[in-house]
Structures are given as C-alpha cells and as structure tokens.
Amino acid sequence: MAQQTPVARVEAPWREWMARWPTPADLAAASPGDVVRAWGRLGYPRRALRLREAAVAMVERHEGEVPRLETDLLALPGVGAYTAAAVAAFAFGDRTVVVDTNVRRVLARAVTGVAQAAPSLTAAESRLAASVVPEDPATSAVWNVAIMELGALVCQARRPRCESCPLADGCAWVEAGRPAYEGAVRRGQGYEGTDRKVRGDILQRLRDAPNSLPRQEFDDIDPAEGRIDRLLHALITEGFVEPLPNNGNRFRLTR
DNA sequence: GAGTCGTGGGG
DNA sequence: TCCCCAAGACT
C-alpha cells in the first residue's frame with residue numbers, strides 16, 4: 001500500500017484491510033472487486049489486484065505464509081526489489097539492502113553531497129547503498145529501519161530538518177553549503193486530462209456502485225470519442241472490470 | 001530505459 | 001493556485 005503513497009494516508013485503510021483479511025488465505029479468497037473497493041482511493045489500484053494475487057501465490061507456493069527469502073518474495077506479484085528487501089529486513093530481521101526513495105535521498109545528500117537523487121535508481125546508487133549496510137544481520141536490520149526513517153522524518157525532500165539531524169556533522173551536502181539540485185529534471189507527472197484520470201474516474205464510479213452500471217453511466221467522464229470504451233476494455237483486460245454475463249452493456253467490478 | 005499507472009496533501 | 005512528491009512495479 002505504501003508503494004508511492006504517503007504512509008500517513010495508508011494507515012487507516014491498512015487497519016481496516018488487515019482486520020478484514022488477516023491472513024494470505026483470507027485475502028486469496030476475496031474477489032478482485034472486493035479488494036478494489038477496500039483499496040478505495042489509495043491510488044494505483046492495480047496494486048490491490050497484485051496484492052490479492054500475491055496472497056494466492058503464498059497459499060499455492062508457501063503454505064499460506066509470507067516467504068522469508070528475498071528471491072521468493074521477488075517472485076510474488078507486485079513485489080519488486082524494494083518490497084522484497086523491506087519485508088526480509090523488517091519482518092524477518094535479515095540482512096538486505098533496502099533502497100526506497102527515502103534511503104536514496106539520505107545517501108544522495110549525506111554521502112554524495114547533492115540535494116536529491118537521480119530520477120530513477122542507478123547502478124551507482126545501488127552499489128553505494130549496499131556498501132553502507134552493516135555486515136551483522138541484527139545491526140543491518142536496525143540500519144535499514146533507521147536510514148529510511150531518517151529520510152522520512154528528518155531528511156525530507158521539501159524541508160530538510162538539518163538542525164535536528166544526527167548526520168549533520170559530516171553530511172556532504174551540508175558541508176557543500178546545501179547546493180540546489182542540478183540534474184535531470186523529473187518530468188512532471190500531469191494528471192488532468194490523462195488516461196489515468198479517466199481510468200480513475202471510471203473505477204471510482206464502479207467502486208461506488210453496489211452492483212453494476214450501464215455503459216451510459218460513464219458518458220460524461222470524458223468527451224473524447226472512443227476513449228471511455230478503450231479504457232473500459234483495458235480495465236476488463238487487466239481484471240478490474242467485467243461485463244455482466246447476460247448483458248454486455250452493463251459493467252461491474254470483477255467478482 | 002523510458003512510459004505508464006492514482007490520488008491527495010503540504011509548501 | 002500550482003507544483004512537487006509520496007516505503008515502486010512492470011512493460
């Protein structure tokens with residue numbers, strides 16, 4: 001849930017989710033529509049589908065348990081390098097190299113001396129991150145938590161709190177006078193008028209509908225000819241939506 | 001490797 | 001108001 005979504009916004013939906021589906025087997029038994037509804041407006045709803053698929057995989061391949069090995073975690077749907085390392089470290093205390101946006105920013109500043117990390121993770125960053133994780137497993141687990149929290153709470157993107165930072169002494173960025181970022185500009189995401197916005201609007205209506213909706217219910221979402229149908233069918237292909245078996249003009253979240 | 005994929009809040 | 005950014009993953 002926290003992939004690309006602020007942790008503070010995740011907490012409430014996460015608690016409800018865990019109360020409803022405490023184990024992988026519980027989640028695996030839910031329908032795609034149920035999990036997409038419970039996901040609500042957290043964003044990137046395909047994460048909800050993948051989380052459910054991961055639960056299915058855990059039941060099938062890991063006796064309903066969350067696997068401990070990073071390689072097994074990586075093989076789960078929706079689990080990439082960051083999440084696999086994070087689960088192995090935070091849940092099991094193993095020595096992994098956790099590199100998320102917070103860790104990247106802390107290392108960019110404290111070690112490399114620049115205001116922010118590159119737009120996407122580079123090989124050099126991965127090497128740097130690996131080189132600073134302590135060898136001892138127990139110590140490394142604490143390290144991973146600490147550097148990530150430091151980035152989230154102190155070494156923040158918009159407002160670095162260098163006054164209260166334990167690394168301020170010896171921070172390369174502070175020593176350089178906190179120079180502004182001069183690198184490739186992250187391309188603006190943009191949202192209004194994009195496919196993502198329209199997809200989001202379609203899904204929101206389907207989440208809010210207790211049962212199914214006729215195709216015309218989406219007409220006012222976007223004026224472009226054919227766009228609604230194109231995106232609606234993409235959502236069907238991706239497993240979010242299904243047409244009613246006996247009426248192809250009505251749609252609902254997948255049951 | 002660049003594009004795509006949601007949504008909301010803080011500066 | 002607008003813009004940036006948020007515990008990334010996948011194609």
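The sequence lines fix the lettering, A, B, ..., with proteins before strands; numbering per chain opens at 1.
- Following rounding to the nearest Å, A:Gln204 (CD) and B:dG6 (P) show an atom-to-atom distance of 13 Å.
- Across all strands shown, A:Arg46 has heavy atoms under 4.0 Å from sugar-phosphate atoms exclusively, and none from any base.
- In the hydrophobic clustering, where aliphatic and aromatic side chains (Ile, Leu, Val, Met, Phe, Trp, Tyr) are joined below 4.5 Å either directly or transitively, A:Val56 stands alone.
- Within the structure, a side-chain polar atom (N or O) of A:Arg207 is placed less than 4.0 Å from OP1 or OP2 of B:dT7.
- Of all nucleotides listed (B:dG11, C:dA7, C:dA9), C:dA9 comes nearest to the side chain of A:Gln3.
- Taking the nucleotide of DNA chain C with the nearest heavy atom to each of A:Leu76 and A:Thr5, the more 5' of the two is matched to A:Thr5.
- Ion pairing of A:Arg104 with A:Glu125 is present here, as a side-chain N (NZ or NE/NH1/NH2) and a carboxylate O approach within less than 4.0 Å.
- Between A:Arg161 atom CZ and B:dG11 atom C1' the separation is 11 Å, expressed in whole Å.
- Listed by chain and number, the residues in a side-chain hydrogen bond (donor to acceptor under 3.5 Å, both in side chains) with A:Thr254 amount to none (sequence neighbours excluded).
- Contact annotation for A:Tyr191: base contact, defined as any heavy-atom pair under 4.0 Å involving a base atom.
- Distance A:Lys197 NZ to B:dC5 P: 15 Å, rounded to the nearest Å.
- Salt bridge annotation for A:Lys197-A:Asp222: absent, with no cationic side-chain nitrogen under 4.0 angstrom from a carboxylate oxygen.
- Counting non-hydrogen atoms under 4.0 angstrom, A:Thr83 reaches the backbone sugars and phosphates but no base.
- Going from the P atom of B:dT4 to that of C:dA7 covers 24 Å, rounded to whole Å.
- Taking atom CZ on A:Arg104 and atom C1' on C:dA7, their separation rounds to 13 Å, with Å as the unit.
- A salt bridge is absent between A:Arg205 and A:Asp201: the closest approach of a Lys/Arg side-chain nitrogen to an acidic carboxylate oxygen does not fall below 4.0 angstrom.
- The stretch residues 130-158 of chain A touches DNA chain C through A:Met148, A:Glu149, A:Ala157, A:Arg158, each having a heavy atom within less than 4.0 Å of the strand.
- If you check distances only, the side chain of A:Arg196 does reach the base of B:dG6 with a donor-acceptor pair under 3.5 Å.
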Distance-only criterion, 3.5 Å: show the donor-acceptor pairs between side-chain atoms of residues 163-176 of chain A and protein atoms not counting sequence neighbours.
| from | atom 1 | to | atom 2 | distance (Å) |
| --- | --- | --- | --- | --- |
| A:Ser164 | OG | A:Arg161 | O | 3.3 |
| A:Trp173 | NE1 | A:Pro179 | O | 2.9 |

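- At least one side-chain nitrogen or oxygen of A:Thr101 sits closer than 4.0 Å to the OP1 or OP2 atom of C:dA6.
- By the 4.0 Å N-to-carboxylate-O rule, A:Arg227 lies close enough to A:Asp195 to be salt-bridged with it.
- Near-neighbour residues of DNA chain B inside residues 21-44 of chain A, defined by a heavy atom below 4.0 Å, number-ordered: A:Arg41, A:Leu42, A:Gly43, A:Tyr44.
- Of the side-chain N and O atoms in A:Arg199, one or more sit less than 4.0 angstrom from OP1 or OP2 of B:dG6.
- Atom CG of A:Leu51 is separated from atom P of C:dG8 by 16 Å (rounded to the nearest Å).
- Rounded to an integer number of Å, the gap from A:Leu49 CG to B:dC5 P is 15 Å.
- A:Arg9 has its CZ atom 11 Å from the C1' atom of C:dC5, to the nearest Å.
- Listed pair A:Arg105 / C:dC5 fails the phosphate criterion, with no side-chain N or O lying under 4.0 Å from OP1 or OP2.
- Listed nucleotides B:dG6, C:dA7, C:dC5 differ in distance to A:Gln116; the shortest reach to its side chain belongs to C:dC5.
- Residues A:Asp100 and A:Gln3 have side chains that never bring a donor and an acceptor to within less than 3.5 angstrom of each other.
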Side-chain polar contacts of residues 143-151 of chain A - donor-acceptor pairs under 3.5 angstrom, sequence neighbours left out - could you list them?
| from | atom 1 | to | atom 2 | distance (Å) |
| --- | --- | --- | --- | --- |
| A:Asn144 | ND2 | A:Thr96 | O | 3.0 |
| A:Asn144 | ND2 | A:Ser140 | O | 3.3 |

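- Counting any heavy atom pair closer than 4.0 Å across all strands shown, A:Val98 reaches no nucleic acid atom.
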